[in-house]
Participant: 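Here it is, the structure in full.
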Amino acid sequence: METQAYLPIEGSSSLTTLEKNNIRSYPLDMRREWNIGRNTINNSPEIGFVSEIVGRNHGSLVNIDNRWYYIDKGSVNGTYINGVKLENGANGTSKPYMLKNGDVLRIDSDNLSDPDSRGVWMMFTSELLNENWKTLQLNEKQNVIIGRDEEVCNLVIPHSYISAKHLQIGFQNGRYYVDDCGSYAGTWLNNERIDNPVYLCDKDKISFCDCVFIYNEGMIFYNTNELRKEASGSERRIVLKADIKTKKVPNNSGHGEKEIIRNVNVEVKEGSLVALLGSSGAGKSTVMNCMNGMDTKGAQGDISYKGVDLLENFDKVKYLIGSVPQNEVFHPMLTVEEELREAAIIRLPGDTKRKEIKAHVDNTISQLKLDGVRKNKISKCSGGEKKRVNIAIELVADRQLLCLDEPDAGLDPGMKRELFGILAELAHKEGKTILVIIHDVSDIHMFDQVIMMTKYENVGRLAFSGSPAEAGEYFGTNIKEAYGLLDSEPEKYIQN
């Protein structure tokens with residue numbers, strides 16, 4: 001397997017390692033191969049450990065066609081990936097294992113329920129995880145409660161989708177255990193949702209939504225993956241990735257399947273306003289509903305949001321994602337304030353206090369510039385205000401990823417520009433990631449990214465993904481004229 005070892009590559013994947021109580025993060029975008037092994041006087045691998053159970057030349061991470069693979073190089077103790085030990089082939093090395101978001105690699109004992117104190121833990125993510133890892137020393141005499149309510153929790157995570165008391169870690173029969181407290185969004189242990197107390201083993205991963213905790217030797221290492229609102233556009237991390245090989249649905253006859261999209265490979269940064277474009281039937285809605293996890297049935301490939309695989313673990317992050325349909329979903333005889341209060345009660349955890357709900361409503365009204373009509377019945381609002389109320393119904397629950405289906409439909413040019421300006425402010429100042437299906441591209445310069453679909457041989461295909469300026473360079477004309485090019489010569493522009 002040929003590799004280029006020292007050339008920078010595209011992407012922002014990372015590997016987080018834990019040995020004893022030392023946690024480190026390695027951005028993987030500076031080289032195509034990273035050797036993993038034990039540090040000795042004569043051996044200094046790029047990712048090194050001191051543990052005696054790690055081989056000097058234990059394994060490697062290799063980038064092939066912009067995908068990361070792990071290879072065990074015939075080590076004595078082997079490598080576990082997600083709890084399963086890799087098998088080595090006749091030549092002593094394992095087959096390359098293609099890594100996915102959140103994959104956990106371990107070098108440990110032959111029984112992970114009785115781990116070796118010298119074991120090491122590694123987690124691969126296909127985006128740069130926030131490097132701000134923190135530690136919490138556990139106490140056998142006091143349970144640790146983790147949640148949103150600062151009055152009862154030892155560790156407070158003030159995200160709206162986290163319950164007041166989300167989970168607790170206690171000590172019983174000489175061991176620590178974790179227990180979900182009937183939370184709204186659920187708790188996962190090593191990627192399995194738990195409903196009852198479960199004893200912890202060293203290197204266990206506890207997670208909920210986009211928060212990650214690692215238990216080791218009576219300590220918790222945690223990363224709440226906070227939004228980086230202060231970052232500029234170029235510095236914001238990639239949080240949404242889609243590499244959709246295909247999506248098929250039953251055909252109209254009811255027998256067999258038909259393919260509706262193929263080879264859609266895009267990345268979206270946190271805090272971006274993204275336009276989804278394309279002619280009718282090009283697959284815009286299909287792509288959006290795959291990227292937000294709402295409809296992935298029949299899809300093959302990889303789709304992840306904040307490191308969570310949406311094809312397999314959508315339930316884990318669904319509380320971070322809001323989908324806003326084109327049709328009106330509000331009650332026209334309620335006031336704006338009443339509608340948002342009802343929406344907040346439905347969408348936020350049931351233990352959210354009245355003052356918290358009021359704060360969410362007030363903040364959302366301010367964000368969407370609805371202050372002047374908060375007491376008005378929605379039926380009396382303008383078209384633009386009604387569109388913003390539709391968006392507010394999802395935003396009031398502090399969704400981090402918002403997907404909007406033609407929110408500008410029926411608006412005059414001034415209202416459209418006002419709406420897009422508000423959405424851009426939400427993205428750039430509040431860190432929201434916003435995908436919008438639009439047809440009118442008059443204000444495309446207000447968007448950070450364009451994803452353009454086309455139809456070729458009756459299948460939706462990706463034609464372009466990048467900034468509006470880059471789109472002009474790619475097509476050699478403005479985006480409006482690019483529609484004509486895609487209609488006449490789609491095969492010239494499709495991305496394989």
Side-chain angles (χ1 to χ4, degrees), residues 158-161 226-240 268-277 288 291-292 305-306 320-324 326 330 336-337 339-340 343-344 347 359-374 376 378 381-438 440-451 466-469:
H159 298 339
S160 60
Y161 44 85
E226 293 96 344
L227 291 170
R228 294 163 59 188
K229 296 179 184 178
E230 75 286 351
S232 67
S234 60
E235 295 171 335
R236 291 189 186 274
R237 62 192 175 193
I238 293 169
V239 291
L240 181 59
V268 176
K269 287 185 176 182
E270 179 180 51
S272 297
L273 179 59
V274 182
L276 258 169
L277 308 177
M288 176 177 280
M291 291 178 71
N292 63 21
Y305 177 59
K306 290 195 171 184
L320 307 181
I321 302 170
S323 184
V324 182
Q326 182 179 347
F330 49 72
V336 171
E337 187 176 51
E339 178 68 52
L340 297 190
R347 288 166 172 77
H360 277 283
V361 170
D362 290 345
N363 187 47
T364 304
I365 285 174
S366 176
Q367 288 175 327
L368 288 171
K369 299 190 172 29
L370 292 166
D371 308 79
V373 296
R374 67 180 298 154
N376 292 8
I378 301 174
C381 291
S382 70
E385 289 161 352
K386 288 177 181 177
K387 294 288 186 181
R388 281 179 271 152
V389 170
N390 240 22
I391 297 167
I393 288 171
E394 287 296 327
L395 186 61
V396 75
D398 198 25
R399 307 301 195 207
Q400 303 303 307
L401 171 61
L402 283 171
C403 298
L404 317 179
D405 186 1
E406 298 185 47
D408 60 329
L411 299 183
D412 64 40
M415 285 183 175
K416 287 184 182 183
R417 200 164 298 115
E418 180 184 23
L419 175 63
F420 294 152
I422 290 170
L423 294 177
E425 193 170 293
L426 277 174
H428 303 154
K429 293 187 178 180
E430 302 295 331
K432 307 296 184 186
T433 305
I434 305 176
L435 273 60
V436 187
I437 293 176
I438 61 172
D440 183 354
V441 295
S442 303
D443 297 306
I444 198 66
H445 62 281
M446 300 180 73
F447 288 77
D448 303 298
Q449 182 178 347
V450 172
I451 296 172
S467 70

Participant: List in chain and number order the residues that pass salt bridge (charged side-chain N to carboxylate O under 4.0 Å, His left out) with Glu406, two or more places apart in sequence or in another chain; answer none if no residue qualifies.
Facilitator: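 Here no residue qualifies.
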Participant: Work out which heavy atom in Glu270 is nearest to a heavy atom in Thr433; give both atom names and the distance.
Facilitator: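 Reported closest heavy-atom pair: CA-OG1, 3.4 Å.
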Participant: Kindly say whether Val396 contributes a backbone atom to a donor-acceptor pair with the side chain of Arg347 at under 3.5 angstrom?
Facilitator: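 No, because the side chain of Arg347 does not come within donor-acceptor range (under 3.5 Å) of the backbone of Val396.
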Participant: Under the ring-ring contact (aromatic ring centres under 6.0 Å, His included) definition, can you give me all pairs with a residue in residues 395-419, not counting sequence neighbours?
Facilitator: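 For residues 395-419, and leaving out neighbouring residues, there are no ring-ring contact (aromatic ring centres under 6.0 Å, His included) pairs at all.
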Participant: Would you name the heavy atoms of Cys403 and Asn292 that are closest together and state the gap between them?
Facilitator: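 Shortest heavy-atom contact: SG-CB, 3.5 Å.
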Participant: Looking at every heavy atom in both Ala397 and Ser160, which two are closest together, and how far apart are they?
Facilitator: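 Scanning both residues, the minimum pair turns out to be O-OG, 3.2 Å.
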Participant: Going by ring-ring contact (aromatic ring centres under 6.0 Å, His included), name the pairs with one or both residues in residues 382-406, residues two or more places apart or in two chains.
Facilitator: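 ring-ring contact (aromatic ring centres under 6.0 Å, His included) check on residues 382-406 returns no pairs.
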Participant: If the condition is salt bridge (charged side-chain N to carboxylate O under 4.0 Å, His left out), which residues does Asp398 pass it with, not counting sequence neighbours?
Facilitator: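 Checked Asp398 against salt bridge (charged side-chain N to carboxylate O under 4.0 Å, His left out); matches are Lys432.
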Participant: Which atom pairs, donor and acceptor, lie under 3.5 Å between side-chain atoms of residues 410-417 and protein residues at least two apart or in another chain?
Facilitator:
residue : atom : partner : partner atom : Å
Asp412  : OD1  : Gly414  : N            : 3.1
Asp412  : OD1  : Met415  : N            : 2.8
Lys416  : NZ   : Asp440  : OD2          : 3.0
Arg417  : NE   : Asp443  : OD1          : 3.1

Participant: I'd like to know if the side chain of Ser366 and the backbone of Asp362 have a donor-acceptor N/O pair within less than 3.5 Å.
Facilitator: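 It does not hold such a pair.
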Participant: Taking all heavy atoms of Gln400 and all of Tyr305, pick out the closest pair and write down the distance.
Facilitator: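 Of all heavy-atom pairs spanning Gln400 and Tyr305, the closest is CB-OH, 3.2 Å.
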Participant: Scan for ring-ring contact (aromatic ring centres under 6.0 Å, His included) pairs involving residues 385-422, sequence neighbours excluded, and state none if there are none.
Facilitator: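 Listed by first then second residue: Phe420-Phe447.
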Participant: Can a salt bridge be assigned to the pair Glu418 and Lys387 using a cut-off of 4.0 Å between side-chain N and carboxylate O?
Facilitator: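 Looking at Lys387 together with Glu418, the answer is no, because their closest N to O distance does not fall below 4.0 Å.
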